[in-house]
Q: 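After the structure tokens below, expect a handful of questions from me.
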Amino acid sequence: MTKHRTMEDFARSCGVSRPTLSKYFDDPTSVKPATRKRIEEALRSSDYQPNLFARNLNRKRTRSIGIVVPTVTDPFYSEMVSRIELRLRDEGYWPIVISSHGSRELEIEATRTILSLKVSGALIAPLGLRSDRHALEKLTQTMPIVYFDTYLEGGAPFVGNNNAQSVSTIVDYLCRSGDAPVYFDIPHVNHNSPERLNSYIGAMQRLGQEPVVIGNTSDYTWDFERIGYEQMEQMLGAGGLPGKTILCANDRLAFGVMAAAFAQGKKVGRKADCDLRVAAHDDHPLSRYTCPALTTIAQDFAAMAGRSVETLLALLNEDTASVAPKVSLDAALVMRQSA
């Protein structure tokens with residue numbers, strides 16, 4: 001294995017100039033095929049690794065893209081980050097992922113980090129109600145930004161789920177297949193929560209049903225499994241529920257609800273001998289493995305990640321004519337055994 005300490009050394013061994021080598025590392029397709037082949041053959045027989053970070057620091061803008069999410073432990077965001085990362089790599093960009101861990105202060109710090117790294121643009125799923133709007137507005141004035149999953153009011157494009165369509169779809173199904181659903185709400189951490197609640201109320205009224213909403217939404221928390229379990233346990237212990245069909249605001253809440261029902265000896269499912277039905281929203285990667293498997297609404301992960309990246313790339317290429325200010329993606333009903 002040939003050793004090279006600097007880019008100049010490696011360029012000489014390839015028989016190309018340093019500017020040509022630099023051009024190759026920026027975009028391999030920008031050099032002639034014969035030159036590209038020569039460089040790639042040299043890379044395979046050498047230990048040379050370009051210091052892309054150091055090279056990026058010397059540019060006004062790097063080939064890096066910032067990705068900020070509230071948490072990477074939530075499988076929804078893990079799935080989105082994974083898809084976005086792979087797509088960005090295919091487009092020749094280096095993804096930099098930062099989690100705000102549900103903290104306003106850490107989200108502010110993430111915006112500062114992105115600015116200091118001189119990334120070309122950013123894809124952001126903001127906290128929502130706890131976000132510092134000034135910090136994120138400052139970021140949108142500095143570089144192209146696309147919000148995904150949730151958004152803040154302003155001029156940045158957004159790609160997310162069509163909550164009016166998705167919640168209406170599952171309410172229709174639950175009303176057709178059994179008792180009308182009671183809606184189990186979560187703390188309104190971002191715009192998705194009130195949108196889903198309002199969609200439930202509207203769908204129930206359209207079907208001539210009385211909306212019934214349960215759940216304590218006063219405490220700000222992302223610990224949805226815990227509050228689902230604790231609140232369900234409390235309601236069952238206090239005499240029961242106002243209905244036999246529970247529609248949870250998201251799958252993680254449903255996990256806690258189903259666990260508490262099991263602990264209280266209640267059978268969840270759509271068969272005649274079951275005590276209650278439980279359905280939810282998101283199609284969390286673990287939803288098919290609950291017992292029974294959870295009936296839910298599947299958000300289109302692939303389309304959301306793809307459209308988010310495509311929108312950002314259009315902004316980077318100054319193709320603003322093809323950028324929609326808001327993209328709302330329809331979701332699909334997934335019928336399983338829980339409802």
Side-chain angles (χ1 to χ4, degrees), residues 74 163 166-189 192-284 286-298 331 333-339:
D74 185 321
N163 289 310
S166 59
V167 175
S168 177
T169 297
I170 198 162
V171 169
D172 284 349
Y173 163 72
L174 293 172
C175 288
R176 288 197 316 269
S177 57
D179 294 345
V182 173
Y183 189 76
F184 201 144
D185 204 4
I186 58 172
H188 292 188
V189 295
N192 282 316
S193 306
E195 279 190 7
R196 291 180 187 179
L197 172 62
N198 292 334
S199 297
Y200 162 77
I201 293 172
M204 290 286 282
Q205 291 173 340
R206 174 175 54 80
L207 294 170
Q209 301 286 348
E210 182 68 26
V212 179
V213 181
I214 59 176
N216 177 12
T217 62
S218 59
D219 294 332
Y220 181 94
T221 179
W222 288 75
D223 194 1
F224 302 130
E225 295 90 349
R226 177 184 60 79
I227 63 174
Y229 186 95
E230 291 177 354
Q231 292 181 33
M232 184 69 168
E233 183 181 49
Q234 184 178 20
M235 284 184 284
L236 289 173
L241 302 166
K244 291 186 64 176
T245 301
I246 308 299
L247 173 57
C248 297
N250 66 24
D251 290 359
R252 291 179 56 198
L253 183 76
F255 297 162
V257 167
M258 292 171 70
F262 177 80
Q264 295 288 322
K266 303 294 184 182
K267 187 175 181 180
V268 175
R270 59 181 180 220
K271 294 182 179 179
D273 62 341
C274 292
D275 299 295
L276 70 156
R277 299 190 299 161
V278 177
H281 192 293
D282 285 350
D283 199 23
H284 184 296
L286 298 180
S287 296
R288 69 192 62 191
Y289 302 113
T290 57
C291 189
L294 182 63
T295 292
T296 186
I297 283 286
L333 174 66
V334 181
M335 290 180 288
R336 299 192 181 109
Q337 289 74 44
S338 70

Q: Can you tell me how far the CD atom of Gln209 sits from the CG atom of Leu174, to the nearest 0.5 Å?
A: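 It is 11.0 Å, given to the nearest 0.5 Å.
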Q: Please check: side-chain N/O of Thr169 versus main-chain N/O of Leu333, any donor-acceptor pairing under 3.5 Å?
A: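 It does not hold such a pair.
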Q: Under 3.5 Å, is there a donor-acceptor pair linking the side chains of Asp219 and Thr221?
A: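 Note: Asp219 and Thr221 side chains miss the donor-acceptor criterion.
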Q: Once the angle between the rings of Trp222 and Phe224 is folded into 0 to 90°, is it parallel (under 30°), tilted (30 to 60°) or perpendicular (over 60°)?
A: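 Judged by the thresholds at 30° and 60°, the geometry between Trp222 and Phe224 is tilted.
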Q: Does any non-hydrogen side-chain atom of Val257 lie less than 4.5 Å from one of Tyr229?
A: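 No, too far: nothing below the 4.5 Å cut-off.
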Q: Using the side-chain contact (heavy atoms from CB on, under 4.5 Å) rule, take Val167 and His281 through it: C-alpha gap first, then chi angles, then the decisive distance, then the call.
A: CA-CA 8 Å; Val167 175; His281 192 293; 4.0 Å; yes
Q: Do Arg196 and Asn250 come close enough that some side-chain heavy atom pair is under 4.5 Å?
A: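 Of all side-chain heavy-atom pairs linking Asn250 with Arg196, at least one is under 4.5 Å.
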Q: Table please: side-chain donor-acceptor pairs of residues 233-249 below 3.5 Å, with sequence neighbours left out.
A:
residue : atom : partner : partner atom : Å
Thr245  : OG1  : Asp179  : O            : 3.2
Thr245  : OG1  : Arg277  : NE           : 3.0
Thr245  : OG1  : Arg277  : NH2          : 3.1

Q: Return the set of residues passing side-chain hydrogen bond (donor to acceptor under 3.5 Å, both in side chains) with Asp273 (not counting sequence neighbours), or none when no residue passes.
A: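 Once residues adjacent in sequence are excluded, the partners of Asp273 under the side-chain hydrogen bond (donor to acceptor under 3.5 Å, both in side chains) criterion are Lys267.
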Q: Are any of the side-chain heavy atoms of Met204 and Cys175 separated by less than 4.5 Å?
A: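 When only atoms from C-beta onward are counted, Cys175 and Met204 do touch, with a gap below 4.5 Å.
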Q: Under 4.5 Å between any side-chain heavy atoms of Ser193 and Pro187, yes or no?
A: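 No, too far: nothing below the 4.5 Å cut-off.
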Q: Among all residues two or more places apart in sequence or in another chain, which pass the side-chain hydrogen bond (donor to acceptor under 3.5 Å, both in side chains) test with Arg288?
A: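 Per chain and number, Arg288 pairs via side-chain hydrogen bond (donor to acceptor under 3.5 Å, both in side chains) with no residue.
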Q: Do Arg270 and Thr295 pair up side chain to side chain, a donor and an acceptor below 3.5 Å, judged on atom types alone?
A: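 Looking only at side-chain atoms, Thr295 and Arg270 do not form any donor-acceptor pair under 3.5 Å.
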Q: Work out which heavy atom in Ala298 is nearest to a heavy atom in Ala331; give both atom names and the distance.
A: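 Between these two residues, the closest heavy atoms are O-CB, 3.2 Å.
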Q: Roughly how far apart are Asp282 CG and Asp251 CG, rounded to 0.5 Å?
A: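 Going from CG on Asp282 over to CG on Asp251, the span is 5.0 Å.
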Q: Judged by modelled atom types alone, do Ser199 and Asn163 share a side-chain donor-acceptor pair under 3.5 Å?
A: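 No donor-acceptor contact under 3.5 Å links the two side chains.
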Q: Taking ring pair (Phe, Tyr, Trp, His ring centres under 6.0 Å) as the test, write out the residues that go with His284, two or more places apart.
A: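 For His284 the ring pair (Phe, Tyr, Trp, His ring centres under 6.0 Å) partners, ignoring immediate neighbours, are Phe255.
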Q: Supply the atom-to-atom distance Asp283 CG to Ser166 OG, rounded to the nearest 0.5 angstrom.
A: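 With rounding to 0.5 Å, CG (Asp283) is 12.0 Å from OG (Ser166).
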Q: Could you go through Leu253 and Glu225, starting from their C-alpha distance and side-chain angles, then the distance that decides it, and tell me whether this counts as side-chain contact (heavy atoms from CB on, under 4.5 Å)?
A: CA-CA 5 Å; Leu253 183 76; Glu225 295 90 349; over 6 Å; no
Q: Please determine whether the number of non-hydrogen atoms from other residues, nucleotides or ligands lying under 6.0 Å from atom OH of Tyr220 exceeds 12.
A: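 Count over threshold, so yes.
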Q: With the side chain counted from C-beta on, respond yes when Val182 and Val213 share a heavy-atom pair under 4.5 Å apart, and no when they do not.
A: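 Val182 vs Val213: side chains apart.
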Q: Does Gln205 use its side chain to pair, donor to acceptor, with the backbone of Glu210 at less than 3.5 Å?
A: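 A pair under 3.5 Å: no.
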Q: Working note: His188 + Leu197, criterion side-chain contact (heavy atoms from CB on, under 4.5 Å); need CA distance, chi angles, decisive distance, verdict.
A: CA-CA 10 Å; His188 292 188; Leu197 172 62; 3.9 Å; yes
Q: Side chains of Arg206 and Asp172, heavy atoms from C-beta outward: is any pair under 4.5 Å?
A: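 Arg206 vs Asp172: side chains touch.
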Q: Sequence neighbours excluded, which residues qualify as side chain to side chain contact (heavy atoms under 4.5 Å, CB included) partners of Ala261?
A: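 Residues passing side chain to side chain contact (heavy atoms under 4.5 Å, CB included) with Ala261: Met232, Lys266, Val268, Leu276.
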Q: CZ/Phe262 to OG1/Thr290 distance, rounded to the nearest 0.5 angstrom?
A: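 With rounding to 0.5 Å, CZ (Phe262) is 13.0 Å from OG1 (Thr290).
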Q: Which residues pass the ring pair (Phe, Tyr, Trp, His ring centres under 6.0 Å) test with Tyr200, not counting sequence neighbours?
A: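 Partners of Tyr200 by the ring pair (Phe, Tyr, Trp, His ring centres under 6.0 Å) criterion, ordered by chain and then number, come out as Tyr183.
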Q: Given side-chain contact (heavy atoms from CB on, under 4.5 Å), test Val171 with Leu207 step by step and report yes or no.
A: CA-CA 9 Å; Val171 169; Leu207 294 170; 4.0 Å; yes
Q: Taking side chain as C-beta onward, heavy atoms only, is Ser287 less than 4.5 Å from Arg336?
A: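 Yes. Closest side-chain heavy atoms under 4.5 Å.
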